[in-house]
2 protein chains.
Amino acid sequence: MSDQLSRAFQAMADPTRRDIVARLAVSGDATVGEIAAPYDVSLQAVSKHLKVLEDAGLVTRSRDAQRRPVHLEAGVLDLMTGWIERYRQQAEERYARLDALLAATEEETLGRGAS
Amino acid sequence: MSDQLSRAFQAMADPTRRDIVARLAVSGDATVGEIAAPYDVSLQAVSKHLKVLEDAGLVTRSRDAQRRPVHLEAGVLDLMTGWIERYRQQAEERYARLDALLAATEEETLGRGAS
DNA sequence: AGCGTTGTCAACCAATTGGTTGAGGAGGGC
DNA sequence: GCCCTCCTCAACCAATTGGTTGACAACGCT
């Protein structure tokens, strides 16, 4: 689980963390306290979730006095969709080739049947 | 980790499982033995990985005598990219609004400065 | 019927995860 | 200077994960 893609997918595997990402996307930067407020867990637990998101590169934190505003970084999201889309496309191309092959075989069979 | 999206992201968080998905996308259906061959782990470990992928809906297995051909299902991949793209777009729209707001404020400030 | 091949199930193990509580550090406000 | 707010670090805990080995079920072949 050491590479970035693994950390990113791992981070997105938790509903709370996905929810945090969604809120940051919709509402923009927020402090840890604001992020933690809606959840029924300790602030420390949310802080851990943010650390997971940060280690995955999905989020950055700057310093503003004693506040630590959390900012969503879209780059890693693109990394994930890039990976997925790449292989989904490969699968589609393979299906297209398979269909073409089947169609060709079918045609050949029909041709022989007609001769 | 009970909902489908969580299971799907969790499944993709492991490099071995991602590699399996990639191979299925490129080369098409394969048996458990074929899938396990390149890896330096036991067949049982790979079987467990396939179970994770199956529980996530990323893969289906049919029965052909004692073989269990594994087939990639692209639907859940779309589910993942759909989620990600949705919120990435939300973030972009928010940035666009923010930029517009900043530009308007800047213009207003310049206008006042010139008066 | 017996054997080989293919794959799963079960029990176990070490490491990781997601949560808790308690302590403490970093900065502003009085 | 002292406190209050915001947040992180550390230690601990139960549950899950990714791996192992051993047993065995399903099926084709001869």
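Chain naming here is simple, since letters A, B, ... match the order of the sequence lines and numbering starts at 1 in each. All figures in this text were calculated on a predicted structure; none of them were measured in a lab.
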Taking only N and O in the side chain of [X], is any of them less than 4.0 Å away from OP1 or OP2 of [N]?
X: B:R61; N: C:dG7; result: no
X: A:H49; N: C:dT17; result: no
X: B:R68; N: D:dA26; result: no
X: B:S47; N: C:dT8; result: yes

Tell me the interatomic distance from [X], atom [atom1], to [N], atom [atom2], rounded to whole angstroms.
X: A:D14; N: D:dT16; atom1: CG; atom2: P; answer: 14 Å
X: A:K51; N: C:dG19; atom1: NZ; atom2: P; answer: 16 Å
X: A:M12; N: C:dG18; atom1: CE; atom2: C1'; answer: 18 Å
X: A:Y39; N: C:dG18; atom1: OH; atom2: P; answer: 14 Å
X: B:D55; N: C:dC9; atom1: CG; atom2: P; answer: 11 Å
X: B:R67; N: C:dT5; atom1: CZ; atom2: C1'; answer: 8 Å
X: A:I20; N: C:dG18; atom1: CD1; atom2: P; answer: 11 Å
X: A:L53; N: D:dT8; atom1: CG; atom2: P; answer: 12 Å

Can you tell whether the side chains of B:D55 and B:K51 come within less than 4.0 Å, N to carboxylate O? yes

Find which nucleotide of DNA chain C each of A:T16 and A:R63 is nearest to by heavy atoms, and output the residue with the more 5' nucleotide. A:T16

Looking at A:S62, is its backbone amide N or carbonyl O close enough to the side chain of A:R68 to form a donor-acceptor pair, meaning the two atoms are under 3.5 Å apart? yes

Ignoring the backbone of B:V32, work out which of C:dG7, C:dG18, C:dG27 is nearest its side chain. C:dG7

Regarding B:R94 and A:S27, do their side chains bring together a donor and an acceptor under 3.5 Å, going by distance alone? no

Report yes or no: do B:T16 and B:D19 form a side-chain donor-acceptor pair below 3.5 Å? no

List in chain and number order the residues that pass salt bridge (Lys or Arg N to Asp or Glu O under 4.0 Å) with A:R88, two or more places apart in sequence or in another chain; answer none if no residue qualifies. A:E85, A:E92, B:D78

Would you say A:W83 and B:L77 make side-chain contact, with heavy atoms under 4.5 Å? no

Under 4.0 Å protein heavy-atom contact, by nucleotide of nucleotides 20-25 of chain C - B base, S sugar-phosphate only: BBB---

Where at least one partner belongs to residues 23-71 of chain A, residue pairs that pass ring pair (Phe, Tyr, Trp, His ring centres under 6.0 Å), sequence neighbours excluded: none

